[in-house]
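I have placed the structure first, in the form of structure tokens, so that the comments after it can refer back to it.
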Amino acid sequence: MSGFVFSEKPIQIESGEGMTLTATDGTQFLDFGASYACVPVGHCHPDVVEATTQQVQELMYVQASYPHAARTALYDQLADVAPGDIDNVWLCNSGTEANEAALKFARAATGRSKIVATTRGFHGRTMGALATTWKDKYKKPFEPLAGGVEFVPYGDSEEVRAAVDDETAAVILEPLQGEGGINPASTEYLQAVREATDDAGAALILDEIQTGLGRTGSMWACEGHDVVPDILTTAKGLGSGLPIGATLVRDWVAEQHGDHGSTFSGNPVTCAAAGATLDVLQRDEIPAHADEMGQYLRGELEAALGDEVREIRGQGLMVGIEVKRGANRYLRDLALEHQVLALPAGRTVLRLLPPLVMAEEHADAVVDALAEVVT
Ligand SMILES: *Cc1c(COP(=O)(O)O)cnc(C)c1O
């Protein structure tokens with residue numbers, strides 16, 4: 001094998017359906033993290049498969065300056081589901097590219113360069129997005145990164161007010177940190193950031209790449225806090241696993257966005273997958289279902305594990321369990337002994353990001369498995 005960037009796990013996955021992944025030896029796994037929030041409507045949802053298959057047969061590529069029905073429909077759908085008056089859509093191929101564009105658009109629209117980011121934030125791994133990511137381990141070997149980034153403690157309203165000034169192009173943050181350990185932000189904090197950016201004429205970029213598309217119990221996490229950003233980024237679950245991201249911006253940003261582009265922007269196949277995914281999310285009221293299932297899951301986790309772990313936190317179906325020892329041993333036991341796949345978020349946090357179509361029986365199975373592994 002010549003792959004070298006990822007260390008691979010001893011489980012070879014062959015197929016997926018709904019909540020389940022099947023390995024080459026026939027073992028079935030419950031997916032509570034292997035898909036990294038990328039399949040909100042479940043693996044290989046029939047509507048997504050159908051829309052994508054049709055599009056593959058008809059046209060696999062045309063450059064984005066030629067209008068295409070699947071892309072035009074997706075522009076409209078995204079503007080429709082976006083919070084507030086965010087109506088302008090830029091399509092790309094991943095989360096980091098969506099943030100990269102967000103940072104460029106904010107600089108072009110404001111004519112300023114300073115970016116304020118947060119401790120423990122994660123925004124991707126290209127040189128610009130990486131510069132706004134907190135963890136040194138991800139950054140050090142690649143420096144120098146894009147300049148002009150100042151970090152403030154996540155959750156501290158005073159510090160962000162002090163950092164945002166008339167040289168600030170944007171503040172970028174996640175409304176609930178994923179990679180950084182499942183750290184929720186308070187409404188008071190997010191509203192303070194909104195106020196500080198408004199007062200300074202800076203853009204507020206909310207990175208909803210992990211929190212969006214129903215994950216936290218509403219289409220976007222910011223809706224629960226009554227905050228509308230100037231720029232919102234989404235990716236991960238947007239194409240049900242096909243590579244597509246989007247940067248959604250208000251008019252004042254779109255009006256002076258500089259010059260940006262990408263060959264695969266608005267590819268018809270990924271647009272068809274994203275359109276079908278959004279259709280299912282809305283038609284089946286999946287964000288509300290995620291809210292209900294999240295309450296159930298967290299309640300059951302608290303009852304079964306509350307005394308054994310440091311904390312259970314999160315929102316909707318974005319759940320973190322802070323354990324007393326390293327999370328990796330638990331994750332291995334969960335996978336190999338209980339056929340449950342989950343994720344870490346830092347050294348001591350188990351992260352659960354199941355498809356949003358899960359049912360109570362899936363929560364029960366995972367809680368039973370966790371209770372055995374952790375106690
Ligand atoms: C995953 C993630 C990204 C990066 O997305 P990629 O598609 O891996 O480039 C950025 N921000 C957040 C919050 C994420 O969870």
Side-chain angles (χ1 to χ4, degrees), residues 5-6 32-40 90-106 115-135 137-139 142 145-146 149 151 154-155 170-185 190 193 204-216 219-222 229 231-248 262 264-265 267 270 273-274 277 314-320 342-346 349 351-356:
V5 168
F6 282 93
F32 264 63
S35 57
Y36 246 101
C38 288
V39 292
W90 155 254
L91 294 173
C92 57
N93 316 291
S94 67
T96 196
E97 284 174 74
N99 285 334
E100 202 74 31
L103 297 168
K104 286 177 71 175
F105 295 157
I115 307 287
V116 175
T118 60
T119 55
R120 297 206 276 179
F122 182 85
H123 302 295
R125 312 231 197 194
T126 51
M127 292 300 220
L130 184 58
T132 65
T133 288
W134 170 246
K135 223 185 201 176
K137 182 181 144 196
Y138 297 153
K139 295 191 288 190
F142 309 113
L145 307 172
V149 180
F151 285 91
Y154 186 72
V171 175
I172 182 168
L173 52 80
E174 299 150 87
L176 190 177
Q177 291 184 327
E179 179 80 21
I182 310 291
N183 311 313
L190 292 173
V193 181
L204 171 58
I205 303 171
L206 286 183
D207 176 345
E208 293 245 17
I209 289 165
Q210 197 163 146
T211 51
L213 303 169
R215 174 65 44 193
T216 66
M219 188 58 85
W220 310 105
C222 64
I231 306 179
L232 181 149
T233 54
T234 176
K236 287 206 161 79
L238 184 57
S240 282
L242 292 195
I244 181 167
T247 308
L248 314 179
S262 169
F264 290 135
S265 174
N267 170 278
T270 55
T277 304
Q315 213 187 327
L317 288 172
M318 188 164 169
V319 179
L343 284 168
V349 179
R351 176 168 35 158
L352 306 180
L353 296 173
L356 308 181

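Whatever order the structure lists them in is the order used to number ligands and atoms, beginning at 1. Worth saying up front: this structure is predicted, and the values here are computed from it rather than measured.
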_F264 atom CZ: more than 12 heavy-atom contacts under 6.0 Å_ = no

*List by chain and number: which residues place a heavy atom under 4.0 Å from ligand 1?*
S94, G95, T96, N99, F122, H123, G124, E174, D207, I209, Q210, K236

*State the CD1-OG1 distance between I172 and T233, to the nearest 0.5 angstrom.*
6.0 Å

*asked:* Has R215 got a side-chain atom pairing as donor or acceptor with L317's backbone, closer than 3.5 angstrom?
replied: yes

*What do you reckon, are the aromatic ring centroids of F122 and W134 less than 6.0 Å apart?*
no

_Using the side-chain contact (heavy atoms from CB on, under 4.5 Å) criterion, which residues pair with A129? Sequence neighbours excluded._
T96, N99, E100, T126

*Supply the atom-to-atom distance M127 CE to F142 CZ, rounded to the nearest 0.5 angstrom.*
8.0 Å

